[in-house]
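Below: one structure, written as structure tokens.
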Amino acid sequence: MELTVLGQSQTTAPAAGGCASSGCGSNDDQLNHLPEHIRAKVHNHPCYSEEAHHHYARMHVAVAPACNIQCHYCNRKYDCSNESRPGVVSELLTPDQAVKKVMTVAANIPQMTVLGIAGPGDPLANPERTFDTFRQLTEKAPDIKLCVSTNGLALPELVDELCKHNIDHVTMTINCVDPDIGAQIYPWIFWKNRRVYGRKGAEILIKQQQKGLQMLVDRGILVKVNSVMIPGVNDKHLEEVSKAVKAKGAFLHNVMPLIAEAEHGTFYGVMGQRGPTHDELQELQDACSGDMNMMRHCRQCRADAVGMLGEDRGDEFTMDKIEAVDVDYAAAMVKRAEVHAAIEATLAAKAKAKVETQNLASLQTAFVSLSSLTLPKKESRPVLMAIATSGGGIINQHFGHAREFLIYEANAHDVRFISHRKTDLYCSGDETCGDGESVLQKTINALKGCEVVLCSKIGYEPWGMLEEAGIIPNGEHAMEAIEDAVAAVYKEMGEKGLLDKKPETKQRATA
Amino acid sequence: MALQIVDGCVNCWACEPLCPSQAIYAAIPHFLIDAKKCTECDGDYADKQCASICPIEEAIVDSQGEALNPPGSLTGIPPERWEQVRAEIQAR
Ligand code: SF4
Ligand code: SF4
Ligand code: SF4
């Protein structure tokens, strides 16, 4: 099967009801301009569809911890440190245990549609354990989609085996297409029964990745490419990577920030390699996006996460808790199908409502009224807003409880989702990273560049500190739909004349 | 003539399927090599398979107790640098 290569042959036909502009926030889903058969494959996959991640859940199991390469951002004493939270070792399961766990979770969380095998390690470096798990699940739980993440080294020889299972997509981490850059990321690979170091190893890895990507695309499997942005190493190069994988037919490119702290014991961590700032990451994501979908809601979840994106219910389903459980999967499948149908109905209703609002809007209100504000469009600049939410597409979280924020951009034409920012992961540079730095200050630093924070509630102290940092706290839109609230706040800002000029930057983080 | 897996092993499973002599087995607290079975891959491969994929420096040693992957050889982190960083982290 031939996949349409995005941006090459695309006329970007908008899906029914969608908006023709790809970045338009009125798109229910960024994936709207993908061909129908691709959308069908990803619409209920929380990691691939921005819309789906509010409604469907995923889980990961760790069954295959071996790896056949070494990345400088990884310390094998922990999990694969860029695909999952470093420093937390996942519960390693045998394939039989994994199958049991997946079926138990699927019965208890019917929204669970996808099982992924990612880190620790490379699932395809331990193909027996990975495929044993897949084989059993394809047979016993045919309503669960399977997903695998790989570094690609062993991919070409295993593509055919992989295609036998219930797999629609594969995630491949591709950090470079240039072996000289690769040599700075991968110290060695294990290839044909020996360890191959440096540039030579990187060259083999890159060849295998590109070959594997081609083979998957040829077989109609969707490939998402993850890249880790490493400042000074591959940051300038990733645009080229994006073009190369796009040309081969990858359907999503996800640029993730390097996470490197000394205590992770990785090469980059120990050698003081810094991660990118939010601004740098966002800029690169924008540069790579072009006409290809960029994934912006990735949470870099840990290898045995369970539940909705951004939440982890793994603790409820540890092996000791589920060993005794007996799952009636036939009954569970019936219930699951009902729940999925209900979600689909909600989504369809939502989409319909949106079209209607848009039609109305084009007549008089909402977005159009923005342009009829006294200010001419080009002068009303875009504004970034941070949202505290625990899911469901509404503003429903207390500022102080938010461990991550969704970042939206509003401009005169639309509202769009940009990214999410975790408050505990990033460090914006040495000067703000003193030991005495409070959690609150960290959070405020993480919100750099945003002008408004929308949350359900906010305390007195953070209110003052946010204001001091030039960020307007706003708790007036609690329980409202995110996009509507962002549009309303933007409109208000316009009415107050706040959109004409850049705000003076008072934020400490910019100092 | 046999290799030995020692303390540093993180039980990653990488070596086990590669051993041509089926000498490696999962054990607690870490994987072990059956000294009676290990041939050091002699006659099968030029490189000792377990040591060639093991990602952990000093986890596999020879009969003299000498690490097949000495410090710094796999991560590229100079051992002195690692010591220094470790001391800094502990001092926090
Ligand atoms: S592929 Fe993943 S597990 Fe393997 S070394 Fe790289 S980050 Fe670590
Ligand atoms: S040296 Fe070879 S034979 Fe001995 S344990 Fe390692 S892989 Fe097996
Ligand atoms: S490859 Fe090394 S760390 Fe992994 S199980 Fe074998 S000896 Fe242990």
Side-chain angles (χ1 to χ4, degrees), chain A residues 62-80 89 92-95 119-123 125-130 153-154 183-198 201 260-273 434-435, chain B residues 5 7-22 24 26-31 40-60 68-92:
Chain A
V63 293
C67 191
N68 47 14
I69 69 173
Q70 178 66 55
C71 305
H72 271 330
Y73 46 74
C74 180
N75 175 352
R76 304 300 319 286
K77 290 194 176 104
Y78 307 121
D79 283 357
C80 183
V89 181
L92 178 68
L93 306 176
T94 65
D122 185 76
N126 239 186
E128 300 78 16
R129 293 173 70 92
T130 299
L153 182 63
Q184 300 170 54
I185 303 174
Y186 309 105
W188 55 266
I189 68 166
F190 182 78
W191 179 247
K192 298 215 186 297
N193 299 100
R194 54 192 195 99
R195 212 190 289 269
V196 183
Y197 296 87
E261 308 285 344
E263 51 269 47
H264 302 159
T266 63
F267 176 85
Y268 285 145
V270 172
M271 302 307 273
Q273 167 70 51
D435 288 337
Chain B
I5 294 177
D7 264 5
C9 168
V10 297
N11 301 315
C12 77
W13 285 90
C15 55
E16 191 262 0
L18 293 178
C19 175
S21 322
Q22 276 90 49
I24 302 176
I28 293 173
H30 57 72
F31 277 64
E40 297 201 4
C41 292
D42 213 8
D44 288 301
Y45 296 102
D47 299 349
K48 296 167 183 62
Q49 294 301 288
C50 52
S52 300
I53 199 168
C54 179
I56 304 298
E57 291 161 354
E58 301 182 280
I60 303 183
L68 278 103
N69 298 305
S73 64
L74 300 184
T75 57
I77 303 171
E80 323 79 68
R81 174 80 193 134
W82 191 204
E83 280 316 316
Q84 186 192 335
V85 168
R86 220 169 357 203
E88 279 167 22
I89 293 172
Q90 266 153 19
R92 275 183 204 170

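Each chain gets a letter, A, B and so on, in the order the sequences are listed, and its residues count up from 1. Because the structure is a prediction, the values reported are computed rather than measured.
- Not counting sequence neighbours, the partners of A:Tyr268 by the side-chain contact (heavy atoms from CB on, under 4.5 Å) test are A:His72, A:Tyr73, A:Ile185, A:Ile230, A:Val233, A:Leu258, A:Ala260, A:Thr266, A:Gln273.
- Residues B:Asn11 and A:Pro65 have side chains not in contact (no heavy-atom distance under 4.5 Å, counting atoms from C-beta outward).
- Separating the CH2 atom in A:Trp188 from the OG atom in B:Ser73 is a distance of 10.0 Å, to the nearest 0.5 Å.
- Listed for the A:Arg194 side chain is no donor-acceptor partner under 3.5 Å among the backbone atoms of B:Asp47.
- Contact between A:Ala66 and B:Ala14 at its shortest, heavy atoms only, is CB-CA, 3.4 Å.
- Of the atoms belonging to B:Ile56, it is side-chain heavy atoms, and not backbone ones, that fall under 4.5 Å from chain A.
- With a threshold of 4.5 angstrom between heavy atoms, B:Leu74 approaches chain A through its backbone and through its side chain.
- In terms of modelled atom types and a separation under 3.5 Å, the side chain of B:Trp13 and the main chain of A:Ala64 share no donor-acceptor contact.
- In this structure, the side chain of A:Arg195 engages the main chain of B:Cys54 through a donor-acceptor pair within 3.5 Å.
- Heavy atoms of A:Ala262 lying under 4.5 Å from chain B belong to its backbone as well as its side chain.
- Heavy atoms closer than 4.5 Å to chain A are found in both the backbone and the side chain of B:Pro55.
- When all heavy atoms of A:Asn68 and B:Ile53 are compared, the pair lying nearest together is CA-CD1, 4.4 Å.
- Of the two parts of B:Ile89, only the side chain, counted from C-beta on, holds a non-hydrogen atom closer than 4.5 Å to a non-hydrogen atom of chain A.
- Looking at B:Ala51, the atoms closer than 4.5 Å to chain A (heavy atoms on both sides) all sit in the backbone: N, CA, C or O.
- Considering every non-hydrogen atom in both A:Phe267 and B:Thr75, the closest pair reads CD1-O, 3.3 Å.
- Neither the backbone nor the side chain of B:Asp44 comes within contact range of chain A, judged by heavy atoms closer than 4.5 Å.
- Qualifying side-chain hydrogen bond (donor to acceptor under 3.5 Å, both in side chains) partners for B:Gln49, counting only residues two or more places apart in sequence or in other chains: A:Asn193.
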